[in-house]
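The structure under discussion appears below in the form of structure tokens.
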There are 2 protein chains.
Amino acid sequence: MVEVVRNTRQRRAVQAILDELESFVSAQDIHDKLRHRGEKVGLSTVYRNLQTLVDASEVDALRNDDGEVLYRRCSAGHHHHLVCRQCGRTVEVEGPTVETWADAVAREHGFTDVAHTLEIFGTCRSCSR
Amino acid sequence: MVEVVRNTRQRRAVQAILDELESFVSAQDIHDKLRHRGEKVGLSTVYRNLQTLVDASEVDALRNDDGEVLYRRCSAGHHHHLVCRQCGRTVEVEGPTVETWADAVAREHGFTDVAHTLEIFGTCRSCSR
DNA sequence: GCTGATTTGACATTCGTTCTCATCATTTCC
DNA sequence: GGAAATGATGAGAACGAATGTCAAATCAGC
């Protein structure tokens, strides 16, 4: 049997939330928002669907200082995030210089299979007023 | 009243472990290593002392993919880490270009109070054989 | 509609970390 | 020196995010 990815109400609901937001949110945030708008979706289901979306590279995930994983719908391809500390609003940024620098430094020290994580945090204009 | 930081046996033991290692380790790793060598130190104490050291900027902390916090004695000043995925061995690296780039990008988008996190992961020479 | 594999959800469980609080150790003050 | 104040410890409880369990519900294809 072919592995079918079903189009369930719950999955659509989770994706709908993500489509509306341009900030990183936790799984529990999404769960709360869904309950608020009357959609009944189990917490496990939210986690499962988010994991599926991450595996499909349709959303990006990162951890905040508290160790919570935050999710956000993102464009394809390698990029980094400029995240507002207050409201979580996020801008995707690219930095070719950084990529090449990281690779070069790693190779200099004999490291292979190089990957890197880079996030920039700050206070956005509307939050700093 | 002067706030004294006491030099206890347990604190010295935790610092001793950190001094011997050049890889990132978890609090529980340290706890295990201490028990192995016969030092009896409570887990809470290990966590507390690590937190103190982080606050004093004497050790750096970062999270691995599993959400565990890893600790390592580090030199002062802003730097980044090149970490081996297999053995955890770490090289401190500096990248002035990255710093200025991150600041510039953030300011372009109206962000203030800018900070960033950057870690490079790879497989070190001895682990790739 | 039927069928059967996928998905869901309530609940239990795991795991790293923090909290609590009684006890022990060190300093301070007389 | 000795008593009181303050700091540090540790065993276990508590916490919270995340994952596992499994019977019941649900969707896709016929």
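Each chain gets a letter, A, B and so on, in the order the sequences are listed, and its residues count up from 1. Atom set for the values below is all heavy atoms of this structure, side chains included, hydrogens, waters and symmetry mates excluded. Predicted, not measured: the structure shown is a model, and the values here were computed from it.
Nearest to the side-chain atoms of A:Gln10 among the listed nucleotides D:dG20, C:dG16, C:dT8 stands C:dT8. Closest contact between the side chain of B:Val41 and the listed nucleotides D:dA28, C:dG9, D:dG10 involves D:dG10. Listed candidates were D:dA17, C:dT20, D:dC27. Nearest to the side chain of B:Arg48 is C:dT20.
Between the CZ atom of B:Arg11 and the C1' atom of D:dT9 there is a distance of 11 Å, given to the nearest Å. Atom CD1 of B:Ile30 and atom C1' of C:dG16 are 14 Å apart (whole Å). Regarding B:Asp66, its CG atom lies at a distance of 17 Å from the P atom of C:dT14, rounded to whole Å. Rounded to an integer number of Å, the gap from CG of B:Leu50 to C1' of D:dA8 is 15 Å. Look at NE2 on B:His31: it is 8 Å from P on D:dA11, rounded to the nearest Å. Rounded to an integer number of Å, the gap from B:Lys40 NZ to D:dT9 P is 16 Å. Atom CG of B:Leu62 is separated from atom P of C:dT17 by 12 Å (rounded to the nearest Å). One atom, CZ of A:Arg6, and another, C1' of D:dT26, lie 6 Å apart when rounded to the nearest Å.
One finds no side-chain N or O of B:Thr8 lying less than 4.0 angstrom from the OP1 or OP2 phosphate oxygen of C:dT26. For D:dT9, the OP1/OP2 oxygens have no side-chain nitrogen or oxygen of B:Ser44 closer than 4.0 Å. Between A:Asn49 and C:dT8 there is a side-chain polar atom (N or O) within less than 4.0 angstrom of OP1 or OP2. For the pair A:Gln28 and D:dA17, the criterion of a side-chain N or O lying under 4.0 Å from OP1 or OP2 is met. For C:dG9, one of the phosphate oxygens OP1 or OP2 lies less than 4.0 angstrom from a side-chain nitrogen or oxygen of A:Arg9.
No donor-acceptor pair under 3.5 Å is formed between the side chain of A:Arg73 and the backbone N or O of A:Glu20. A:Arg85 places a side-chain N or O within 3.5 Å of a backbone atom of B:Asp113 that can act as its donor or acceptor partner.
Contact check on B:Arg72 versus B:Glu119 returns no salt bridge, with no Lys/Arg side-chain nitrogen under 4.0 Å from an Asp/Glu carboxylate oxygen.
Residues A:Leu43 and B:Tyr47 each lie close to DNA chain C; by heavy-atom proximity, the contact nearer the 5' end of the strand is made by A:Leu43.
The closest side-chain donor-acceptor pair between B:Asp32 and B:Gln28, if any, does not fall under 3.5 angstrom. When only modelled atom types and interatomic distance are considered, B:Asp55 and B:Thr52 share no side-chain donor-acceptor pair under 3.5 Å.
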